Each structure stands twice: as structure tokens, then as C-alpha cells.
2 protein chains.
Amino acid sequence: MKQVTIKEIAEKTGFSVNTVSRALSNRGEIKKETADLIRQKAKEMGYLPNLLARGLSGKRTNTIGLIMGETQNPYHWPVVGVIQKELTRRGQNLILANSEETAEGLYNAVSIMLSSRVDGLLMFYPDKGEESLHLLQKHNVPTVLLATHSNVPISYIEVDEEKEGYLATSYLLDRGCKKIAYISRDEDTLPSKARQKGWAKALKERGLDCSAVFTADSSLQGGNRISASTDFVSLGFDGIVAYNDLIAIGIMHNISERGYAIPEQISVIGFDNISYGEYSYPPLTTIDVQKEEIGRRAVEMLMGHIGYKTEYNKVPFEKVILESKLIVRKSTR
Amino acid sequence: MKQVTIKEIAEKTGFSVNTVSRALSNRGEIKKETADLIRQKAKEMGYLPNLLARGLSGKRTNTIGLIMGETQNPYHWPVVGVIQKELTRRGQNLILANSEETAEGLYNAVSIMLSSRVDGLLMFYPDKGEESLHLLQKHNVPTVLLATHSNVPISYIEVDEEKEGYLATSYLLDRGCKKIAYISRDEDTLPSKARQKGWAKALKERGLDCSAVFTADSSLQGGNRISASTDFVSLGFDGIVAYNDLIAIGIMHNISERGYAIPEQISVIGFDNISYGEYSYPPLTTIDVQKEEIGRRAVEMLMGHIGYKTEYNKVPFEKVILESKLIVRKSTR
DNA sequence: TTGAAAGCGGTACCAC
DNA sequence: GTGGTACCGCTTTCAA
């Protein structure tokens with residue numbers, strides 16, 4: 001079907017395109033009856049605004065870009081879910097792209113967003129590809145980083161991962177663990193390093209050795225694999241701090257398969273509090289990151305920045321650090 | 001930063017906007033040196049095409065819409081993942097919207113897609129809101145439904161859920177189960193009904209009663225809850241066919257907590273083969289739906305339809321039914 | 001092979 | 001309050 005345009009509505013109603021335009025975007029001075037009549041007619045004709053045209057001529061596109069990385073990590077979805085909801089609620093549309101977790105992929109994704117003339121951008125930043133961030137800055141696009149920060153002054157909502165690592169490790173220590181390994185993620189990312197740092201700090205405080213660092217893919221399989229190739233229990237470990245829940249659950253699976261008892265012989269703790277953790281075997285003790293809150297705050301902050309930008313033509317720098325808390329379940333003694 | 005336009009490039013290079021346009025979208029006749037020179041200059045100036053303008057004047061937007069429902073169901077993630085990858089590979093952009101799983105939400109989502117002038121649409125159809133589908137038809141937008149079908153002639157990729165239900169139930173029966181319950185999802189959706197039908201068919205074939213239908217939310221919690229309020233084992237059930245893996249895992253969790261042994265006292269089987277299933281306790285026997293394949297085929301089909309439409313100005317109707325297969329793990333005897 | 005000019009569907013500014 | 005009109009940035013005839 002040929003799309004109905006405001007011009008056609010103008011012809012049918014006898015008003016000018018200008019008047020029709022204002023009636024349909026309820027803006028500017030216009031008599032109420034005129035507006036009602038036009039809207040009525042528009043509805044009848046099945047009019048749907050052309051967002052491309054609107055975005056091209058207007059100052060804003062009412063479109064926000066979201067760049068994801070690991071689509072398969074359950075951690076991200078609750079964040080994406082609230083972002084979607086919050087944006088819809090505010091009448092903003094959403095364009096999605098993926099960084100493929102490479103610098104090049106990120107650059108492409110950012111370029112697409114820029115080309116799409118998004119009003120603002122939300123991204124899970126894979127802490128590589130600073131040039132992408134510079135590009136963003138150059139184009140002056142309001143951006144909020146989700147659950148990370150960068151060296152470039154771009155706003156972000158994040159969590160204090162080092163503190164999380166410290167919190168988790170201290171808990172294991174308090175419960176009597178003596179030899180605790182840290183499982184980092186494959187590509188050493190900022191959050192993984194930060195949690196490791198917190199882990200090391202807690203161990204050092206008690207005069208313990210902090211060299212037992214292993215590496216796994218950020219996935220259930222990754223956890224399973226590292227445990228399959230490394231028999232933590234027989235190596236004398238009685239505690240494992242895994243970079244995230246996915247890895248932790250993978251490890252637990254393998255440890256149980258080997259016939260060891262969790263938490264009696266070894267405690268396992270993860271991070272993120274993904275929904276599945278409550279249903280793993282045993283239910284996973286973890287550090288809860290306020291995922292929904294990250295999404296909500298990020299959208300709020302972004303909208304604020306967009307407003308600020310349209311007013312003063314510069315985008316502010318702002319940051320928020322959210323508190324995480326321990327969720328004790330059954331994988332730790 | 002002010003965006004660079006082709007007009008500016010035209011001024012700098014001394015060519016006309018037309019020539020620049022063709023050089024940048026490598027289209028039409030143009031001397032190679034001219035093109036190279038223009039592209040070079042464009043790069044230098046940091047030119048990024050304005051997709052809004054391009055979409056407005058051209059025939060296509062190179063943008064595909066994706067409408068999701070349950071963002072939180074892991075079942076969807078791999079599908080979305082490949083869709084994203086496949087679209088990126090083909091230079092297509094992605095707009096995301098959510099139906100909130102209501103007819104109204106779906107209608108809004110579809111409207112946004114139409115307003116965004118997407119070339120094509122992919123959707124997880126929550127089998128309600130036929131009017132949304134009619135709207136789509138009216139606007140002649142190529143659409144492929146993911147993992148469902150509808151009464152409206154719109155193309156789809158789906159699985160034969162009834163057959164799946166039959167397959168799962170028959171397996172339990174073959175392994176000696178005598179009394180098998182079906183857990184449907186809260187809102188009786190098409191796939192849930194279809195699997196139930198298959199379950200009933202298998203039972204009837206053996207002259208068994210098929211009235212034991214319970215209902216749960218499509219979530220881990222939902223499964224846990226129904227099992228918490230209904231002690232299946234003490235009611236004499238020795239088998240459970242759950243609408244999906246999420247519910248199945250939730251139920252297993254609760255059954256284990258009650259102190260019953262799976263599969264010795266009761267077998268549990270799910271559908272979808274989500275990644276958690278391999279790591280649940282016990283590892284879940286399930287029916288594998290080819291999730292990546294659904295995404296891949298859907299994109300392929302959609303692109304085909306878009307091409308067809310630009311040529312003949314009508315969108316074809318096509319359907320694909322994918323085979324599912326049993327994955328035996330440890331939750332069934 | 002290249003250029004001029006007319007849209008694409010809206011918005012916004014300036015008259016009336 | 002309403003209408004005329006010049007754009008927004010790009011593609012697409014049609015000429016040259």
C-alpha cells in the first residue's frame with residue numbers, strides 16, 4: 001500500500017500541510033477543532049508518520065542506539081529488557097547493533113549509529129577500540145556506557161568490580177576457605193581484572209598467596225572446560241572465585257561430575273546474579289549487580305544528556321557507581 | 001560536530017553532488033579515478049552517509065525490524081544472535097521493538113516499524129493481535145514469523161510442535177512411565193497447545209488418560225511454583241512433559257528440594273534445548289529446536305522476499321518447518 | 001562520464 | 001490560527 005502523507009491529508013481536509021503537520025505532532029498554536037478534525041481524518045486514512053522524513057527535517061530522531069557485545073550472556077538481557085521498556089515509555093525508538101566484541105566491529109556499529117543519526121547511544125563497552133569512542137566524541141553524540149567505564153570522558157553507569165571481588169573473596173575467607181583460585185575471563189577485560197584485583201587484595205590482607213589465576217571462556221562451557229582440565233579439589237583448593245556466574249556454574253557442574261561435594265569440599269562463588277543461579281546445582285552464591293537499575297539509570301541519564309545537549313549544544317560527563325551485594329545461597333559453606 | 005554532507009564533498013572536489021553520490025554508493029557509470037578521488041576525500045573529511053536522507057529518497061532503507069516478546073527467555077537469544085550477525089553481514093541495519101506480549105504492544109511495535117519504513121520485518125508472534133498482521137499485509141511489508149505461524153498468510157519458519165510433544169511423550173512412555181502430566185504455559189499459546197496435543201495423542205494411543213494438565217508461567221520461577229503447589233510424585237505421577245526447558249528446570253529444582261529422586265521417581269522432559277539444560281541438575285532431557293537455523297533461514301527468506309517485492313511489488317508466501325530432535329540427558333530414566 | 005534539478009515527507013520560519 | 005515556502009541530505013530522472 002502506498003503510504004499516506006500529510007500532503008494527502010492536507011488535500012482531503014482542505015488545510016495546508018503546515019497545519020496538518022502541527023495537528024499531528026501536537027505542536028504550535030492550533031485550534032482544537034481543527035486538530036481533532038485532522039487527526040480524525042488521518043486515522044481514517046491510515047496515516048503513519050514517516051520517521052525518516054521527520055528525522056531528516058527536524059532536530060531529533062527520537063531514536064536511541066544500543067550496542068551489545070555478548071548476546072549470549074544472560075547478564076545483558078535484563079538490562080536490555082528495561083532499556084527497551086523505558087525507551088518505549090518515553091516514545092523513543094531503538095536501533096540495535098553488535099560489536100562482535102572486536103574493535104573493528106565496535107567501530108562499524110558506532111558508524112551505523114552515527115549514520116542513523118541517533119539522538120543518543122547506549123553501549124556495553126568491550127574496553128577495546130578507543131578510537132570508536134573518539135569518533136563518538138567528535139560527533140558529539142550523547143553516550144552512556146553500560147557497566148563499564150573508559151579513559152575517554154564518556155558518561156557511564158557501572159559497578160565497583162574491585163570491591164565486588166574483595167567482597168566475594170572475603171566472604172569465602174570468613175567462612176574458612178584457605179586456598180582460593182580466581183578464574184578470569186578469556187580475554188582479560190577491565191571487569192575481570194578489577195574483580196581479580198579485589199580477590200588479590202583480600203588474600204593479601206590475610207597474608208595468603210594470590211597467584212592462582214586460571215582462565216576460562218565467559219560461558220557455561222568455558223567453566224566446565226577449565227574444571228575438566230584442572231582438578232581444583234585435588235590441587236588443594238577449597239574455594240573458587242569465578243569471573244561470572246556462567247563460569248561458576250560450569251565449574252560446579254564439572255566438580256559435581258567428578259564426584260566432589262560443593263560446598264563441603266570446595267566453595268564456589270560467582271558474580272552478576274543471573275536468574276539461573278538460583279536454580280543451579282547447588283544454588284549459586286553470588287554478588288548481585290543491580291542489572292535493571294543499570295538500564296533504568298542509563299536511560300534516565302541519557303535522556304538528560306540529550307536534553308542538555310539540545311539546549312547548550314554540549315554533552316555533559318556524568319558517572320554513577322552502583323552498589324552490589326552478596327547473595328548467599330548453597331555453593332559456599 | 002556538524003555532519004559532513006555530499007554537498008560539501010562536492011564543493012571540495014569540484015564535482016557535482018550527483019557524481020559524489022554515485023561514487024559513494026558505487027552505483028551508476030563513473031570513472032574509476034573520479035570515484036577513488038571522491039572516496040578518498042570523503043574519508044578524509046570523515047563523511048558518514050545520512051541514512052535518513054538515503055532512505056527517504058531511495059526505494060529501500062536497508063533496515064530490518066525485529067519484534068521480540070519474551071526478552072528474558074534464553075530460547076530467543078541464539079535466534080536474535082544469528083539474526084543480528086546475518087543482517088550485519090548483509091549490510092542491513094536492525095531496529096528492535098517489543099510486543100510486551102500483548103495485542104496492543106504488538107500493534108504499537110508494528111506501527112513503529114512501519115513508520116520507520118523498514119524493508120522487512122521479523123517477529124516472534126505472540127499469536128494474538130491478528131489486526132497487527134492485517135496492518136502489515138495492508139502495507140505490504142515482507143515479514144517472516146519466527147517459530148510460529150498464523151491464520152493470516154504471512155511467511156514463517158517454525159517447528160512442528162505437535163510432533164515434538166508426541167516425540168517427547170512417547171519417549172517417556174517407552175522408558176516405562178505410566179502417568180504423565182503436561183505443564184502448559186500460563187497463557188495458552190499456540191505452541192503450548194500444539195505440544196499438549198502431541199502429548200495427548202501419545203497417551204491416547206496407549207489408552208492412557210490425558211486429562212492431567214497443569215499450568216505454569218514460562219519461567220524458572222513458574223516451574224518451581226507449580227511444583228511447590230502440586231506434589232507430582234505423591235500424586236502418583238512418574239513423568240512430566242513441561243512446555244519448555246525453563247519450566248522443566250524450575251520443576252526439577254523443586255522436586256529435588258522435596259527430596260525426590262529424578263529420574264528414579266519421576267522423569268522430566270522439556271523443549272527448546274536452552275543452554276542451561278546441559279548444566280541443570282540433573283541435566284535435562286529435552287527436544288532440540290534448531291534455534292540458529294531458525295534465525296538464519298528467516299533472514300535468508302526475508303531477504304529473498306524483499307528482493308522479490310522490489311521486482312514484482314508483491315510479497316510471496318512461504319513456509320518452512322524445521323525438524324526437532326530428542327536430546328537424551330539424565331532427567332529421564 | 002558528468003551535471004542540473006526535481007522530488008522523498010516532513011518541519012520551521014515568516015507572513016498574513 | 002493558518003498558509004506559503006525554503007530547506008534537511010540524498011537519489012534519480014533527464015540532459016548535456
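Because the structure is a prediction, the values reported are computed rather than measured. Keep in mind that the numbers below use all heavy atoms, side chains included, and drop hydrogens, waters and symmetry copies. Letters A, B, ... mirror the listed sequences (proteins, then strands); counts begin at 1.
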inquiry  = Can you measure K31(B) atom NZ to dG3(C) atom C1' for me and round it to whole angstrom units?
reply    = 15 Å
ask   = Does any residue of residues 52-62 of chain A have a heavy atom under 4.0 Å from DNA chain D, and if so, which ones, in number order?
value = L56(A), S57(A)
query = Does the distance from a Lys or Arg side-chain N to an Asp or Glu carboxylate O, for R90(A) and E86(A), drop under 4.0 Å?
reply = yes
query = Between Y47(A) and A35(B), which has a closest nucleotide on DNA chain C that is more 5'?
reply = A35(B)
key: Separation of dA12(C) P from I6(A) CD1 (nearest whole Å)   = 11 Å
Side-chain donor/acceptor contact of N18(A) with base of dG3(D) under 3.5 Å = yes
task = Rounded to the nearest angstrom, tell me the gap between atom CD1 in I38(B) and atom P in dT1(C).
result = 13 Å
request  = Compare all side-chain heavy atoms of L135(B) with those of S111(B) and state whether any distance is below 4.5 angstrom.
outcome  = yes
note = Between NZ of K7(A) and C1' of dA6(D) the distance, given in whole Å, is 15 Å
query = Checking all strands, does T5(B) fall into the base, sugar-phosphate, or nothing category for heavy-atom contacts under 4.0 angstrom?
reply = sugar-phosphate
request  = Give the rounded distance in Å between these two atoms: CZ of R22(A) and P of dT2(D).
outcome  = 8 Å
request  = Indicate whether OP1 or OP2 belonging to dA4(C) is found under 4.0 Å from a side-chain N or O atom of S16(B).
outcome  = no
message = Donor-acceptor pair, distance only, cut-off 3.5 Å: does the side chain of S115(B) make one with the backbone of M113(B)?
response = no
task = Find the distance F15(B):CZ to dA4(C):C1' and express it as a whole number of Å.
result = 16 Å
key: Short side-chain N/O contact from T34(A) to OP1 or OP2 of dT2(D), under 4.0 Å   = yes
key: Separation of dG9(C) P from R117(B) CZ (nearest whole Å)   = 8 Å
request  = Please state whether the rings of Y156(A) and H149(A) are parallel, tilted or perpendicular, taking 30° and 60° as the class boundaries.
outcome  = tilted
request  = Rounded to the nearest angstrom, tell me the gap between atom CG in L24(A) and atom P in dG10(C).
outcome  = 9 Å
ask   = Looking at dT2(D), dA5(C), dG3(C), which one has an atom nearest to any side-chain atom of V17(B)?
value = dA5(C)
key: Side-chain touch L146(B)/M123(B), heavy atoms, less than 4.5 angstrom   = no
inquiry  = Are Q92(A) and V299(A) packed together at the side-chain level, in the sense that at least one heavy-atom pair is separated by less than 4.5 angstrom?
reply    = no
Toward the 5' end of DNA chain C, by each residue's nearest nucleotide, L48(A) or G14(B) = G14(B)
request  = Side-chain contact test, heavy atoms from C-beta onward, threshold under 4.5 Å: evaluate it for D119(A) versus T310(A) and give yes or no.
outcome  = no
